[in-house]
Amino acid sequence: MSTIARQGRGYRASYAVLYLAFLYVPVLFLPLFSFNQSIYIAFPIEGWTFKWYGTLLENERLHEALGNSLEIAITSSVLATTLAIFAAKAYTRYRYRGQRLSLGVVMLPMVLPEIIVGVSLLILLNQIGLGLGTHSVIIGHTLICLPFAIAVLMSRMEGFDRNLEEASLDLGEGPVTTFFRVTLPLILPGVVASLLLTFTISFDEFIIAFFLSATDTTLPVFIWSQLRFPQRLPTVLALGACILVFSAILVVFSEWIRRRGHVKAGPGVWN
Amino acid sequence: MSTQATGMPSGAAAATDPSRFIDIQQVTKRFGASVVAVDAVSLQIARGEFFSLLGASGCGKTTLLRMLAGFEAPSEGEILIDGQPMAAVAAHRRPTNMVFQSYAIFPHLNVGQNIAYGLRKEKLSKADLRRRVDEALEMIKLSGYASRGADQLSGGQRQRVALARALVRRPKVLLLDEPLGALDKKLREEMQIELRQLQEQLGITFVFVTHDQEEALTMSDRIAVMSAGHVLQVDDPHTLYERPTCAEVAAFIGSMNFLKGRVRGRENGQAVVEAEGLGTITAEAVAGDLAEGAAVLLAIRPEKMAIADTAERAPAGAVEGRIAAANYLGDRSHYYVNLPGVEKPVAVAAQNVDRETEGWLQSGAPVWLSWQAKGPILLPAE
Ligand SMILES: Nc1ncnc2c1ncn2[C@@H]1O[C@H](COP(=O)(O)OP(=O)(O)O)[C@@H](O)[C@H]1O
Ligand SMILES: [Mg+2]
């Protein structure tokens, strides 16, 4: 029996290593070659350098794209999370006719192909004369982020006693102050997690941004446009490595916030 | 929804009747098409009264309390508090405060902040606020706990904080939904006494929900016994126990023997009844019009009966039976006695005053049962 167990352990270990390799080797190529002196992606690595990271600081079109991406990601994550708070409250706190159907409809964009959303918005926004640019990407990203934000916030709202909100009403606070004094502090970890998640979704999104950004290029669209020029590839690799680290930090932070449970409310007399 | 066709009742005039401080008029609450949680309930609760809603789980106690608090709107009927109709008054504007069954202590606030939560609108200075909270903490014997986190409290302490948080607002009415249900027996009995003392001291009207009949009997001025959304009887504990008006109340409060019978006539305001097992006896009719020949239930409590081991020791008129089971409980014994012609054994509780009764009446022994003249009461048969 012990032999079988030992053999099993060997297989399990190699399976796990393969599994992890499959997940991370492609991703790790990016930072690895971003330190390569040669502009060609090939082994052996010719020598180590930080110069590609230096080029990041000089490329103005990159800075512009980064600015656009940040603007779009921040705006659409705030919009999606705000809208999601209302929706999640409606879905978890009230019972009404057509509730399940409406939840299904609202969650649908989660599985809707982005190319469909992109093309539809392209046609629609042009038709109604809104035109293309940062604002149209914000609309598209808010739309695809919304179901994720609702899912995160609904699980948070379902996780606490309804009586807490009723107790607040009972103690003389109206619905609005109850929201700010009880509901919001209790769902705050969910709100932060939702902001970080939707920020990441928007920041990484390519297809909708490609269709709708026009001249307001976002970072992923900028990266795609650079791939045509082999000599610029190392810069893209360095940029990719930066985004990778940044995204990883965001995800870890969001998970940490979510797990920390409730966040202490603001200062009061007894702090 | 108002049953009043036109015009508001004069608040001042209605408020002068202290026996109708809370006036629940024909209130019905439906959930969806099929669930009737509260069914045409009318209750008048007096100012300063300790009033209990007693009934088995699911009988509509919480729903009635939530309608008083304003969390649910009645489907029909009207609720007035201190003469004011409550239909248009939102929960956060009502003169009531609630102690929730789950206590609902705000987990993101400490004890002091929880208690101060409902005082924000009073715009007190920091010093006054602190004083009010300290007073409240003293009242619940948790002085010095202000900066404790909500998660650092025991069940009993949470219950006290919930109580202080509600009382610090000096409500006209305090609503309590099974507040002692989650506590262990000893703590529960302590809190029963403390709550009652607190209520007498503050003079606030308490509406107290419980499914524990003993708790209701020890604490309340009056009790409404509820079943399936209806109120069966409203009375003080003594009347409720001694003169239940229906078999359901009689069975729910304490233990009770029921014997089938038939009215044979009347004598000095009492009914003469032919009862199974006991023969022809006289009994007080508590409820209903008991015409001659009517089928009735004769109800008699175990402690209103006496048991003797020989005919000589029993008073005249005792009936003979046989012991089916005997439980020795130290201070008293419970006997279950088979009487001829009676299906279920009759329960008898006897105080063990005499030390020599040890090992006295065993199963199968013949015994003679007698009862106090005022023991049996008559109830309409279902
Ligand atoms: N929000 C609700 N929706 C549907 N049914 C409910 C709701 N609240 C209570 N009920 C039903 O109403 C009845 C009375 O409930 P409740 O007032 O909680 O009883 P109690 O407090 O006496 O145990 C129960 O049958 C319960 O299932
Ligand atoms: Mg209940």
Side-chain angles (χ1 to χ4, degrees), chain A residues 85 88-90 92-101 153 155-193 256-271, chain B residues 31-32 62 65-66 68-72 90-122 124-130 132-134 137 145-151 162 165-166 168-169 171 174-175 177:
Chain A
I85 290 173
K89 185 155 166 66
T92 54
R93 291 292 179 270
Y94 305 100
R95 289 284 163 266
Y96 46 90
R97 205 178 284 254
Q99 188 171 29
R100 290 179 128 206
L101 181 70
L153 287 167
S155 79
R156 188 72 206 175
M157 282 212 189
E158 269 158 5
F160 76 83
D161 186 3
R162 278 190 68 153
N163 282 346
L164 291 172
E165 286 165 315
E166 286 177 344
S168 170
L169 292 174
D170 193 65
L171 294 167
E173 297 293 355
V176 177
T177 35
T178 291
F179 176 79
F180 285 106
R181 291 190 76 189
V182 175
T183 315
L184 195 58
L186 290 176
I187 62 167
L188 202 56
V191 171
V192 174
W256 177 73
I257 289 278
R258 204 179 62 77
R259 287 196 187 179
R260 235 186 61 172
H262 61 260
V263 168
K264 288 271 173 204
V269 189
W270 289 275
N271 279 334
Chain B
F31 291 109
T62 297
L65 210 63
R66 288 172 59 81
L68 288 172
F71 300 136
E72 309 279 0
H92 62 282
R93 300 219 160 82
R94 293 203 180 186
T96 60
N97 277 113
M98 181 130 155
V99 176
F100 289 83
Q101 194 166 7
S102 63
Y103 306 146
I105 304 292
F106 300 123
H108 59 299
L109 303 178
N110 63 29
V111 169
Q113 291 166 329
N114 261 282
I115 293 173
Y117 189 92
L119 295 176
R120 188 180 68 91
K121 291 252 168 80
E122 294 192 19
L124 301 170
S125 70
K126 233 176 179 178
D128 283 344
L129 190 61
R130 194 179 258 283
R132 283 279 285 280
V133 172
D134 285 344
L137 283 169
Y145 276 67
S147 54
R148 282 281 182 107
D151 49 358
R165 186 178 68 178
V168 78
R169 283 172 51 83
L174 187 72
L175 309 168
D177 192 357

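Side-chain atoms are counted along with the backbone in the values below, which use heavy atoms only and exclude waters and symmetry mates.
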Heavy-atom distance under 4.5 Å to chain A: side chain of B:I105, backbone, both or neither?
backbone
Portion of B:R93 that has a non-hydrogen atom of chain A nearer than 4.5 angstrom
neither
Output yes when a side-chain donor or acceptor of B:R120 lies under 3.5 Å from a complementary backbone atom of A:E173, and no otherwise.
no
Atom pair CZ/CG of B:F100 and A:L164 - distance to nearest 0.5 Å:
8.5 Å
Side chain from CB out, backbone as N, CA, C, O: work out which of these in B:F106 comes under 4.5 Å of a heavy atom of chain A, or both, or neither.
both
CG-CG distance between A:L186 and B:L109, expressed to the nearest 0.5 angstrom
8.0 Å
Contact leader toward chain A among B:Q101, B:R165, B:R94, where contacts are heavy-atom pairs under 4.5 Å:
B:R165
Please identify, among A:G172, A:P175, A:G174, the residue contributing the most non-hydrogen atom pairs under 4.5 Å to chain B.
A:G172
Is B:F71 close to chain A through its backbone or its side chain, or both, or neither, when contacts mean heavy atoms under 4.5 Å?
side chain
Would you give the length of the straight line joining atom CG of A:L188 to atom NE2 of B:H108, rounded to the nearest 0.5 angstrom?
10.0 Å
For A:L171 and B:Y117 the tightest heavy-atom approach is CD1-CD2, 3.8 Å
Would you compute the distance between atom OG of B:S102 and atom CD of A:E166 and round it to the nearest 0.5 angstrom?
9.0 Å
Heavy-atom distance under 4.5 Å to chain B: side chain of A:D170, backbone, both or neither?
both
